Amino acid sequence: MSKYTVTADFIDKKTKEYYTAGSVYETDSQERADELKELGFLGDEIKPRTSRAKKEDAK
């Protein structure tokens with residue numbers, strides 16, 4: 001499942017869920033994510049942190 005930062009408030013027309021700017025949008029559909037990015041509602045995909053980065057943060 002991919003996660004994206006929401007850049008503008010919107011209501012998902014498929015799920016009817018309300019998303020506010022700064023929240024996280026999760027989807028299995030790359031097509032839907034691309035559509036929302038093109039419309040200006042989503043930013044870049046949030047990539048999971050690597051285990052190395054987690055270890056460095058713990059120091």
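Worth saying up front: this structure is predicted, and the values here are computed from it rather than measured. In what follows, every heavy atom counts, from backbone to side chain, and hydrogens, waters and symmetry copies are set aside.
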* Kindly determine whether Val6 and Leu42 satisfy side-chain contact (heavy atoms from CB on, under 4.5 Å), including the steps that lead there. => CA-CA 5 Å; Val6 176; Leu42 299 182; 4.1 Å; yes
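- Shown here are the side-chain contact (heavy atoms from CB on, under 4.5 Å) partners of Glu26, two or more places apart in sequence or in another chain: Met1, Lys3, Val24.
- Pairing each heavy atom of Gly43 with each of Tyr4, the nearest pair is O-CD2, 3.6 Å.
- In this view, Ser23 satisfies the side-chain hydrogen bond (donor to acceptor under 3.5 Å, both in side chains) rule with no residue, not counting sequence neighbours.
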Donor-acceptor pairs under 3.5 angstrom involving side-chain atoms of residues 8-15: please list them, not counting sequence neighbours.
unit_1 : atom_1 : unit_2 : atom_2 : d
Asp9   : OD1    : Ala21  : N      : 2.6
Asp9   : OD2    : Tyr18  : OH     : 3.0
Asp12  : OD1    : Lys14  : N      : 2.8
Asp12  : OD1    : Thr15  : N      : 3.4
Asp12  : OD1    : Arg32  : NH2    : 3.1
Asp12  : OD2    : Tyr25  : OH     : 2.9
Lys13  : NZ     : Glu35  : OE2    : 3.4
Thr15  : OG1    : Glu17  : N      : 3.3

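- The side-chain heavy atoms of Lys37 and Asp44, taken from C-beta on, include a pair separated by under 4.5 Å.
- Heavy-atom neighbours of Gln30 CD from other residues, nucleotides or ligands within 6.0 Å: above the threshold of 12.
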